Amino acid sequence: MMSNKRIQELELVMEFEKVEECFKEVSSWIENVGRKRLKETINLGESLENLLQEQKHFREFDLVASEYCKRGQEALKKMNQWEDFSFVDVHSYRVKLQAYEDQLEEFCTQLDETRHRVCETVRLSEFFDKVRQGICCTEEGVKS
């Protein structure tokens with residue numbers, strides 16, 4: 001039984017090291033690229049043309065960011081199998097995993113919120129642009 005327990009602990013350590021390597025890469029990208037890009041998206045352009053350009057750039061970023069979120073979530077799923085084990089030595093791994101999970105969840109939520117905000121801003125800008133055009137056409141018709 002002791003031997004089996006040690007083998008399971010070693011398997012956990014080896015699996016965790018693989019997952020941790022993936023998470024370090026994902027975490028580094030989130031901190032060095034992802035968060036900075038999300039902050040840049042706070043100030044969207046004012047004209048419809050600028051908004052559409054920002055939306056295009058954000059979509060490109062969103063594809064990459066979503067891939068990192070997916071990779072992080074897949075790595076977490078791999079570690080879920082270890083939740084049933086009650087080894088004394090796994091506490092430090094669980095703490096690290098929780099920190100990675102919290103960071104990933106926060107970033108993915110911010111990404112979703114930014115995606116929604118960009119889409120809504122463009123949609124509203126397009127609507128107001130149409131309203132402006134309608135008002136201009138109406139004013140020209142009244143003047144004629």
Side-chain angles (χ1 to χ4, degrees), residues 1-140:
M1 288 180 79
M2 291 286 280
S3 176
N4 285 344
K5 181 180 177 185
R6 286 313 262 168
I7 289 172
Q8 288 176 334
E9 287 176 352
L10 289 172
E11 287 173 351
L12 170 64
V13 170
M14 290 177 359
E15 184 70 25
F16 183 81
E17 286 175 355
K18 290 178 195 173
V19 170
E20 188 173 37
E21 188 176 313
C22 175
F23 263 118
K24 283 181 180 178
E25 182 182 337
V26 170
S27 179
S28 175
W29 186 88
I30 287 173
E31 292 305 317
N32 297 321
V33 178
R35 289 195 196 283
K36 289 178 183 177
R37 182 64 176 99
L38 286 179
K39 286 180 184 175
E40 291 171 4
T41 309
I42 289 174
N43 299 319
L44 297 171
E46 293 182 21
S47 71
L48 179 57
E49 185 179 318
N50 288 345
L51 282 172
L52 291 172
Q53 190 68 20
E54 279 294 320
Q55 184 182 39
K56 179 184 174 196
H57 292 304
F58 180 77
R59 284 183 176 160
E60 293 167 359
F61 163 76
D62 189 26
L63 286 173
V64 175
S66 294
E67 185 59 35
Y68 275 96
C69 288
K70 182 180 173 184
R71 286 174 56 198
Q73 290 164 345
E74 287 173 357
L76 277 175
K77 284 181 187 176
K78 288 179 184 177
M79 293 309 295
N80 284 341
Q81 65 182 325
W82 296 102
E83 287 182 3
D84 295 336
F85 291 96
S86 57
F87 304 135
V88 174
D89 296 348
V90 298
H91 178 72
S92 63
Y93 298 112
R94 287 187 181 155
V95 170
K96 285 182 181 181
L97 276 176
Q98 188 62 51
Y100 287 134
E101 186 174 10
D102 292 346
Q103 179 194 34
L104 182 65
E105 186 178 314
E106 178 188 357
F107 178 77
C108 292
T109 299
Q110 289 175 345
L111 181 65
D112 288 342
E113 290 171 354
T114 303
R115 183 184 309 118
H116 178 73
R117 186 175 53 80
V118 168
C119 287
E120 283 300 303
T121 303
V122 168
R123 189 180 68 75
L124 287 172
S125 184
E126 288 171 336
F127 172 76
F128 287 127
D129 196 53
K130 287 178 184 177
V131 168
R132 250 183 264 120
Q133 289 174 0
I135 290 172
C136 290
C137 291
T138 303
E139 287 177 355
E140 287 177 13

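Heavy-atom basis, side chains included; hydrogens, waters and symmetry copies ignored. Quick caveat: nothing in here was measured; it's all calculated off a predicted structure. Numbering starts at 1 and runs along the sequence shown.
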Inset, instruction - Determine, step by step, whether E15 and V19 satisfy the side chain to side chain contact (heavy atoms under 4.5 Å, CB included) criterion, reporting the C-alpha distance in whole Å, the side-chain angles of both residues, the deciding distance to 0.1 Å, and the verdict. - result: CA-CA 6 Å; E15 184 70 25; V19 170; 4.2 Å; yes
Considering residues, nucleotides and ligands other than [X], do more than 12 of their heavy atoms fall under 6.0 Å from its [atom1]?
| X | atom1 | answer |
| --- | --- | --- |
| E74 | CD | yes |
| Q73 | CD | yes |
| E49 | CD | no |

Legend entry - Step-by-step salt bridge (Lys or Arg N to Asp or Glu O under 4.0 Å) determination, E40 to K36: CA-CA 6 Å; E40 291 171 4; K36 289 178 183 177; over 6 Å; no
Could you check if a side-chain atom of [X] sits within less than 4.5 angstrom of a side-chain atom of [Y], using non-hydrogen atoms only?
| X | Y | value |
| --- | --- | --- |
| K96 | F23 | no |
| F128 | L48 | no |
| R115 | S66 | yes |
| E17 | E21 | no |

Legend entry - Between Q98 and D102, a side-chain donor and acceptor under 3.5 Å: yes
Legend entry - ring-ring contact (aromatic ring centres under 6.0 Å, His included) pairs, two or more places apart, involving residues 52-75: W29-F61, W29-Y68, F58-F61
Inset, instruction - Kindly give the heavy-atom pair with the smallest separation between S27 and Q103, and that separation in Å. - result: OG-OE1, 2.8 Å
Inset, instruction - Locate the shortest heavy-atom distance separating C69 from F107; write the atom from each residue and the value. - result: SG-CD2, 3.7 Å
Rounded to the nearest 0.5 Å, how far does [atom2] of [Y] lie from [atom1] of [X]?
| X | Y | atom1 | atom2 | answer |
| --- | --- | --- | --- | --- |
| R37 | D62 | CZ | CG | 10.0 Å |
| C108 | I30 | SG | CD1 | 6.5 Å |
| L51 | E126 | CG | CD | 9.0 Å |
| L124 | C119 | CG | SG | 11.0 Å |

Inset, instruction - Taking T121 for its side chain and R117 for its backbone only, find out whether a donor-acceptor pair lies under 3.5 Å. - result: yes
Legend entry - Test side-chain contact (heavy atoms from CB on, under 4.5 Å) applied to T114 and D112, L111, V118, the passing residue: V118
Inset, instruction - Determine, step by step, whether E67 and V64 satisfy the side chain to side chain contact (heavy atoms under 4.5 Å, CB included) criterion, reporting the C-alpha distance in whole Å, the side-chain angles of both residues, the deciding distance to 0.1 Å, and the verdict. - result: CA-CA 5 Å; E67 185 59 35; V64 175; 5.7 Å; no
